[in-house]
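Working notes for the structure below.
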Amino acid sequence: LNAEGAIPAESRQAVTNADVQLIDGKSAKLVEEGQVSIISFWATWCGPCMQELPWFDKFHRKLGGKGLSLRAISTDGPETAAQVAALVKQKKWAFPVVHDKDGQLVNRLNPRGNNPFTLVLDKKGRIAYVHEGYAPGDEKSYLKVLKTLLKEPK
């Protein structure tokens with residue numbers, strides 16, 4: 001890891017892009033070309049996720065027009081699936097949410113199935129930062145990494 005906590009560029013692994021369906025029915029790319037991407041796995045029943053996601057909403061609102069893309073991937077199973085859209089609406093989160101109903105994204109990018117689990121990708125779609133769990137203060141580390149990655153060339 002470099003001084004900002006990111007994986008050095010030469011060691012970063014690319015993520016295969018995919019089409020995903022957002023909970024509003026729209027289609028999107030998992031990774032936005034040329035943008036720094038946050039891919040955050042969460043669930044409605046996950047307490048630490050509920051502490052972390054408001055920070056991601058702030059980052060999305062503040063940096064969304066400055067090269068940051070965010071995909072919040074809900075890992076909710078059939079028993080809590082109906083709560084995903086209602087919770088997003090209640091919290092007034094502005095970021096795009098994907099419900100990984102069949103677990104394909106979890107299997108590919110979060111094999112241990114942890115919540116919260118976050119990948120931050122550089123502008124070339126390579127994993128630059130990986131974070132499991134959430135504790136107050138983690139948002140400072142995220143912000144440092146995001147600012148560093150946003151300065152990198154495309």
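The analysis underlying the following values was restricted to heavy atoms, covering all of them including side chains, and did not include hydrogens, waters or symmetry mates. Only a predicted model underlies this, so the values are computations on that prediction, with no experimental measurement involved. Position 1 is the first residue of the sequence; numbering continues from there.
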How far apart are the closest heavy atoms of R12 and A6, and which atoms are they? NH2-CB, 4.2 Å

Is there a path of hydrophobic side-chain contacts, each under 4.5 Å between heavy atoms of I/L/V/M/F/W/Y residues, joining W45 to F41? no

If you define the side chain from C-beta out and look only at heavy atoms, does anything of L68 sit under 4.5 Å from I38? yes

Neighbour count >12 (heavy atoms, 6.0 Å) for atom CD, E79: yes

For residues F117 and V130, determine if any side-chain heavy atom of one lies less than 4.5 Å from a side-chain heavy atom of the other. yes

Summary of side-chain hydrogen bond (donor to acceptor under 3.5 Å, both in side chains) pairs that have at least one residue in residues 22-44, sequence neighbours excluded: D19-K29, E32-R71, T44-D76

For H99 and A81, work out which heavy atoms get closest and say how close. CE1-CB, 3.3 Å

Please name the residue in the list L121, I73, V98 that meets the side-chain contact (heavy atoms from CB on, under 4.5 Å) test with L30. I73

Above 12 or not: heavy atoms from other molecules or residues under 6.0 Å from CH2 of W55? no

Salt bridge or not between K58 and E139? Use side-chain N to carboxylate O under 4.0 Å. no

Answer yes or no: is there a side-chain heavy-atom contact under 4.5 Å between L150 and K147? no

Provide the closest heavy-atom pair for F95 versus L53 in the form atom of the first, atom of the second, distance. CE2-O, 3.8 Å

Output yes when a side-chain donor or acceptor of N115 lies under 3.5 Å from a complementary backbone atom of C46, and no otherwise. no

Please tell me if the side chains of N107 and D102 come closer than 4.5 Å, counting only heavy atoms from C-beta onward. no

Atom of D122, atom of L149 and distance for their closest heavy-atom approach: CB-CD2, 4.1 Å

Value for CG (L146) from CZ (F59), rounded to nearest 0.5 Å, stands at 6.0 Å

Gap separating the NZ atom of K91 from the CG atom of D57, nearest 0.5 angstrom: 11.0 Å

Could you check if a side-chain atom of Y142 sits within less than 4.5 angstrom of a side-chain atom of E52, using non-hydrogen atoms only? yes

What's the spacing between L119 CG and E132 CD if we round to 0.5 Å? 10.0 Å

Treating N17 as the side-chain partner and V31 as the backbone partner, does any N or O pair qualify as donor plus acceptor under 3.5 Å? yes

For A72 against L70, the heavy-atom pair lying closest together: N-CD2, 3.8 Å

Within the 4.5 Å heavy-atom criterion, are D138 and H131 side-chain neighbours or not? yes

Could you pull out the closest heavy-atom pair between T75 and A43, with the gap in Å? OG1-CB, 3.6 Å

